[in-house]
Amino acid sequence: MNKLIVANWKMNPPTLREAEKLVRALTGSRRGIKAVLCPPFIYLQRLGDLLKAKTHSPKFYLGAQDVFWENPLAGGGAYTGEISPAMLKNSGVKYVIVGHSERRRLGETDEMVNKKIKAALKAGLNPILCVGEGREVRRRGIAAAKRFVKNQLLQDLRNLPRSALHTSRLIVAYEPVWAISTEKGSRVDAPEDAAKMIQFIKDLLAKTYSLKPNVLYGGSITSENASRFLMRPEIDGALVGGASIRLAEFKKIINN
Ligand code: PGA
């Protein structure tokens, strides 16, 4: 199976010029696996146009880092600062990260994540749902981490319409918060532990919703450690943050 690499650029780079440079350099390489680039909202349209122009690189797709749950008709959009699923769709976006821990830290609840997942699926976007336990939970052991992740998944996917579930566009990213590179004292998860948690997520979703989503690992992925995760059959790909905006580093990850 082809592994999926998702690049979460977060609030980088500071200029459109640099963003364009990154895309040009990446799409110049012919080899590599399927990759989704998730730049900040403000660059989506331009980078989407750039990707479309690179017809020899059909394996790069455009993703957003967040989405709002309302999808109002013209004139009804009284949600200052938010971006609707239709706006993303109309800008050529195919994937959207939902429930990233950095958004949850800013106050996003499971209820909000649930609404976003529903809205994204309804609009025909592929949501990449991020779940993962924090350091305190993990200190209590793997069983506690599994309980936490299970609870998050069940709340985030609550009452999804059957039709939406069975289109199977959902992707899950297991991102233990303590492994995210910008966290103080972060460290990468052990590939075998990540693989076990990912299998646990797959079993849970198969049992509860008859769903078989691709499940990615995220947290301190680099060109040094990526293959140790990607070689595991349980792990369907990687969500890469910091290393995805370092060109040489990210190229190594996707070309490996
Ligand atoms: P990282 O970020 O690869 O820099 O740890 C991953 C993420 O936050 O999605």
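Remember, it's 1-based here, ligands and their atoms both numbered in the order they're listed. Computed from heavy atoms alone, side chains included, the values below leave out hydrogens, waters and symmetry copies.
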May I ask you to identify the nearest protein heavy atom to atom 3 (O) of ligand 1, giving residue, atom name and distance to one decimal place in Å?
G241 N, 2.8 Å
Would you call R140 and E133 a salt bridge, using N to O less than 4.0 angstrom?
no
Tell me whether N71 contacts the main-chain N or O of S84 through its side chain, where contact means a donor paired with an acceptor under 3.5 Å.
no
Evaluate the side-chain proximity of L26 to I254: yes if any heavy-atom separation is below 4.5 Å, no if none is.
yes
Determine the minimum heavy-atom distance between Y61 and K94, stating which atoms define it.
CD2-CD, 3.9 Å
Any nitrogen or oxygen of G219, side chain or backbone, less than 3.5 Å from one on ligand 1?
no
Return yes if some donor-acceptor pair links the side-chain N/O of Y43 with the main-chain N/O of P13 below 3.5 Å, else return no.
yes
Using a heavy-atom cut-off of under 4.0 Å, does the side chain or the backbone of N8 touch ligand 1, or both, or neither?
side chain
Please determine if G218 has a nitrogen or oxygen closer than 3.5 Å to a nitrogen or oxygen of ligand 1.
no
Heavy atoms only: give me the nearest R104-G99 pair and the separation to one decimal.
NE-O, 2.8 Å
With heavy-atom distances below 4.0 Å as the criterion, list the atoms of ligand 1 near S220.
1 (P), 3 (O), 5 (O)
Where ligand 1 meets G242 - atom numbers and elements under 4.0 angstrom, heavy-atom basis
1 (P), 3 (O), 4 (O)
Polar-atom distance check: S181 versus ligand 1, any N or O pair below 3.5 Å?
yes
Among K10, E183, E175, which one has a heavy atom closest to atom 2 (O) of ligand 1?
K10
